Amino acid sequence: AAMKFKHIMDENSADLTEDFRMSVANAFHCVKTLHPQLKASKGAVLFTGGGLALYPNVQVGSLSITKAALRNLALQLHEVLKEDNI
């Protein structure tokens, strides 16, 4: 995660995109890459997110957005991966 104290109105689109890539897209890439091994070993995936996913804070705007997106990703992956006992 991009751990920075930056008001949401001080952010810019490029930084938001990069923070999303770092926090959410990379997590997705890891799960996709490891899926065969997780399936074979009946492994597990654990994402940590904290309260910002549900209670965003404008002082850490980008982090709040990426934690909400990571939570959404985790919920979607749960639906798909439970079919493989992951």
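Since the structure is predicted, the reported quantities are computational estimates derived from the model, not experimental observations.
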Could you work out the complete set of other residues in the hydrophobic cluster of Tyr55, with links drawn between I, L, V, M, F, W and Y side chains under 4.5 Å apart?
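Result for Tyr55 is Leu54.
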Could you work out, with side-chain contact (heavy atoms from CB on, under 4.5 Å) as the rule, every residue matching [X], not counting sequence neighbours?
X     : result
Met9  : His7
Ala68 : none
Phe47 : Ala27, Val31, Val45, Leu70, Leu73, Ala74, Leu77

Among the clusters formed by ILVMFWY side chains lying less than 4.5 Å apart, do Leu38 and Phe28 turn up in the same one?
yes
Taking only residues at least two apart or on different chains, which pairs with a member in residues 47-65 satisfy salt bridge (charged side-chain N to carboxylate O under 4.0 Å, His left out)?
none
Sequence neighbours excluded - side chain to side chain donor-acceptor pair (under 3.5 Å) pairs with any residue from residues 58-74:
Asp19-Ser62, Asn72-Gln76
Could you report the tightest heavy-atom contact between Ser23 and Ala2, atom names first, then the distance?
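Distance-wise, the nearest heavy atoms are OG-N, 4.1 Å.
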Listing, residues 78-86 side-chain donor-acceptor contacts under 3.5 Å, not counting sequence neighbours, or none:
from  : atom 1 : to    : atom 2 : distance (Å)
Glu79 : OE1    : Lys82 : NZ     : 3.3
Asp84 : OD2    : His35 : NE2    : 2.7

Counting heavy atoms not belonging to Lys4, are there more than 12 under 6.0 Å from its NZ?
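Buried by this count: over 12 neighbours within 6.0 Å.
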From CE (Met3) to CG (Leu63), nearest 0.5 Å
5.5 Å
Who pairs with Asp15 by salt bridge (charged side-chain N to carboxylate O under 4.0 Å, His left out), at least two apart in sequence or on another chain?
Lys6
